[in-house]
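Throughout, a chain's letter reflects where its sequence line sits, starting with A, and its residues are numbered from 1. Because only heavy atoms are used, hydrogens play no part in the values below, and waters and symmetry mates are left out as well, while side chains stay in.
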Amino acid sequence: MVNQILKVLKKKPELKNNQKQINKNDYHLITEPKEIDYWIKEAEEVGEVAVDTETSSLDPHQAELIGVSLSTKIGKACYIPIGHNSKKSIDKDLVLEKLKPLLEDSSIKKIGQNIKFDFIVLFKHGIKISSMEDTMLMSYVLDSGKNRHNMDTLSEIHLNHKTIAFKDLVGSGKKEINFSEVEIEKAKDYAAEDADITYRLYKKFQKSLKDEKMVNVYETFEKPMIEILALMEIEGIKVDPKFLKILSLKFEKKIEKIQKEVFKISKKEFNIASPKQLGEILYNDLKIADLKKTKKGSFATSASVLEDLAFKGHKFPQYILDWRQVSKLKNTYSDSLPEHINFQTKRVHTSFLLAATTTGRLASSDPNLQNIPIKSEDGKNIRKAFIAEEDHVLISADYNQIEMRILADLADVKELKKAFKNNEDIHSLTASQIFNIDIKKVNQDQRRKAKAINFGIIYGISQYGLAKQINVSNFEAEEFLNAYFLKFPEIKSYMDQTIKFCRKSGFVRNIFGRRSHFININDKNFNIRNFQERAAINAPIQGSASEIMRLAMIRLDKKLNEQKNKKTKMLLQIHDELIFETPKEEAKRISKLIIEEMSSVAKSEQHTFSIPLTVDLNIGDNWGALH
DNA sequence: GCGTTCCGCTCG
DNA sequence: GTACGAGCGGAACGCC
C-alpha cells in the first residue's frame, strides 16, 4: 500500500513551459556506405561516439537489425538504415564491415543508453563492442531511488526536452507495425535524436559523476558488469521442455482435484482465481470468517487471512491455499518457461536489469530466473528442469549468511564479528544472547525466534512486525528486541545513525559508496515515513551484499577468461548465488577457483572486511540437485 | 479492444 | 497499518 503510494510519487517528470527545441537540421540520413567514413573519422578525432541500434524486437536475442545511429557532437547525428523495407536501405554487410573496426576499437568510447541491448544485438552480427559507456547506468548511480532511468524520462528531467515517442512511429496493439516498415525519414528523426540525446546526457552525467564523487561507483561496479551480464544472457541456460510438460499435466490434475473439493463445499462453481468471487463465497455464502477487507474495500483473501482460518480447522481456506500454490507453479513456471526457450539456441535467455532496484541489486526478467521455486516440494521439481548440457554439470556457489556478516562489519558488532570469525551458528548465538542461556542449550523454537529477529533487524524491524511474524504478543516481541539491543548495542546505534543521516541528506550510502535515495523520509504521513526508515536501514546491508557479488563476478570473469580453454560459463546470478556450467572433468578444479575468488572479495581495493566471507558450493546435473 | 492497477504468488 | 528488495499472471477496472 505505502509502496504503491511511493511509486506514484516517483513517476512523472514535469516539463517546464519553456521547453527547449532541439534543432534537427543537423540530423543526416546516410544514403550510401562511403558516407559512413566521415562519421568514423569524426569519432576517431573526438575519441567517443554515441551509438544506438534500431531493431525489430525488444528481445535482443531474436531482434533483426534495422538501423544504426551515431552522434559525435552535440546536436549532430546520422542514421544508417540497413534493414528497412525500402530501396533507400543500405546493404547490411557493407555497413557492418565499416562499423566493426570503430565499434571494436578500445581507444574510442561507445556511448549508449542501456548499451547491453545493443551489445547483444551486434554480438549476433559478429561485432563485439568494446569500451562501453552507459547513460542509463550513470543516471542510476547518480539517483537510484528518485527517478526511472529510461531515456524519455532522462531527457525530460535533464534536458527539458520531450523526445519522439516510439509508439508514435509504430503505433500500438493490433495496428503496431515493425520498425522496418517505418518511413525512413521518420526513422531518421527518431533514431538520430536518440543518439543525440544520449550524447548530451553523457556529457552532463560525466560532470555530475565527478562533482558528486560517484565516478568510482560507476567505473568499478557498473561498467564492468555490462559485458559480463550480456555474455551470461547470450549463453542462456538449458531447460527441458518435456519435463515441464509432464509437470504441467501433473499440476493440472491436482488443480482439478482440489477444485472439485472446493465446489463441494461452496455448492456452486466460481472462478477460484478471482479474489472478488472468492470473497463472496468466503464471507457471504459460507460465513466462515468475520468480515475482513483490504484497504481498497474489497474482501481480504490473502494467504495470511486464509492461513488463520485454516489454523482454526476449516478445510475450505486450506484448499484455496493449495489451489493457488499449484496454479501459480503451472501458470508462471511449467507452462510459461518452455515459451521462453529460444528457437535457435534451444536455451532460455533471461535479461538482467542493472538499473532496476534502489539498493544496487540486479533484477531479472523475461523470464525472471531469480524467483524459480525451491521452498515447496512441487516447486523444487521446477528446478529439475534446468539442466546441464551432455557431459557437463552445473555448479552453484552461494555466500553463507552474507547480510548478517555485512551487518557485523558495517555496524562493528563485536559479538557478531567474533562469532563469524569462529564459524559459529549465528542464529543459535543470537538465541543464547537474548534468552541468556548457554549456546548448547538453545532449543529449536528459540533458534527459530532468534532467526526471525535477525531477519527482522536487516529489514528495519518494528515490534509489531516481529510479533506477527513469530506469533507472539506485542509485549513479548518488545522484550525480545530490548534484550537484543542490550546484547548488540552497536546495532541499535547503527539504526539510529542511519536514519539520522538519511533525514538530513535524503539518502544513505552502502560500504562501497553507492547511494540509495529516500526522498520521503521526512514525510508527515507516519506510514510513509516509517516505511522509508525501514528501507533506509536495509539499503546499506542489502546494497553492500550486492556489491560484493558484483566484485566476485568481475574477478571470476577475469579468472575464467585466463583459463586455457575457457569452457566454464557463468550463467545466472541469484543475489547471493552464482550458477555455472562446466565440462564434468573441469568441475573440481573450477570449484576450487570459484570458492577462492568469491571468498577473496573480503579483501579488495574497495574495502577490507573484518569478518571472513564463506562460500557453499554444490555440483549436479540439474539445478534441483544443487541444494 | 487496450493499457493500467490490484491482488496474490514466487524468490533472495 | 508494517517486516527489506524484486517480477509475473490473472482479474478487474477505466477509458475509448
Side-chain angles (χ1 to χ4, degrees), chain A residues 1-4 7-8 11 144-145 167 171-176 271-279 294-306 320-321 323-333 335-337 340 350-353 356-376 378-379 382-383 398-399 401-403 452-470 474 477 516 518 525-543 545-546 549 572-577:
Chain A
M1 181 66 179
V2 175
N3 208 350
Q4 276 148 12
K7 251 181 210 157
V8 173
K11 273 191 196 167
S144 128
K167 272 186 188 155
S172 70
K174 276 188 177 173
K175 280 175 254 167
E176 183 170 334
N271 184 354
I272 303 176
S274 158
K276 203 180 165 192
Q277 294 179 39
L278 175 64
T294 65
K295 284 132 252 172
K296 293 272 167 192
S298 46
F299 297 117
T301 65
S302 68
S304 69
V305 171
L306 296 178
I320 302 294
L321 288 167
W323 186 94
R324 277 185 184 162
Q325 194 189 53
V326 183
S327 55
K328 175 72 178 179
L329 293 177
K330 183 172 185 293
N331 292 334
T332 309
Y333 302 104
D335 280 357
S336 143
L337 279 170
H340 285 283
T350 184
S351 176
F352 287 107
L353 315 183
T357 69
T358 46
T359 58
R361 261 195 185 184
L362 304 182
S364 156
S365 74
D366 308 299
N368 181 352
L369 296 186
Q370 290 181 322
N371 72 348
I372 301 302
I374 187 168
K375 288 172 184 168
S376 73
D378 276 337
I382 304 275
R383 289 205 173 205
D398 67 284
Y399 280 117
Q401 294 281 1
I402 187 150
E403 295 196 337
I453 295 174
N454 280 335
F455 267 97
I457 292 292
I458 287 167
Y459 296 156
I461 203 162
S462 69
Q463 46 158 311
Y464 182 91
L466 178 64
K468 238 180 143 180
Q469 190 67 25
I470 59 174
N474 267 347
S516 298
F518 301 98
N525 180 317
F526 178 82
N527 286 326
I528 292 179
R529 196 171 65 243
N530 276 17
F531 185 77
Q532 295 261 288
E533 286 177 4
R534 291 196 298 273
I537 287 169
N538 174 259
I541 303 170
Q542 192 188 107
S546 81
M549 183 55 100
L572 301 177
Q573 187 246 49
I574 307 102
H575 310 305
D576 62 356
E577 174 186 14

Is the shortest side-chain heavy-atom distance between I461(A) and I537(A) below 4.5 Å? no
Is there a side-chain contact between P373(A) and Y333(A) (heavy atoms, below 4.5 Å)?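 Touching, per the 4.5 Å side-chain cut-off.
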May I ask you to verify if any side-chain N or O of [X] is less than 4.0 angstrom from the OP1 or OP2 atom of [N]?
X       : N       : value
N530(A) : dG1(C)  : no
Q325(A) : dT10(B) : yes
S327(A) : dG10(C) : no
K276(A) : dC7(B)  : no
N331(A) : dG10(C) : yes
S172(A) : dG3(B)  : yes
S546(A) : dA6(C)  : no
R324(A) : dC9(B)  : yes

Contact class for [X] (heavy atom, under 4.0 Å): base, sugar-phosphate, or nothing?
X       : value
A545(A) : nothing
I372(A) : sugar-phosphate
R383(A) : sugar-phosphate
R361(A) : base
D576(A) : sugar-phosphate
N371(A) : base

Would you say Y464(A) stacks on dT2(C), if stacking means ring centres under 5.5 Å apart and planes within less than 30 degrees?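 One would call Y464(A) stacked on the dT2(C) base.
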Provide, to the nearest angstrom, the distance between the NZ atom belonging to K330(A) and the P atom belonging to dC9(B).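 It works out to 18 Å between those atoms.
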Whole-angstrom distance between dT5(B) and dA3(C), as gauged at atom C1':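 These two C1' atoms come out 24 Å apart once rounded.
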Looking only at side chains, do S516(A) and T358(A) share a donor and an acceptor under 3.5 Å apart? no
Quick check: does any side chain N or O of T357(A) sit under 3.5 Å from a backbone N or O of R361(A), one acting as donor and the other as acceptor?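 At least one qualifying donor-acceptor pair exists.
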When only distance counts, do a donor and an acceptor, one from the side chain of T332(A) and one from the base of dT10(B), lie under 3.5 Å apart?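 Such a pair does not exist between side chain and base.
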What heavy-atom pair brings N271(A) and A273(A) nearest, and what distance separates the two atoms?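 The pair with the smallest heavy-atom distance is OD1-N, 2.9 Å.
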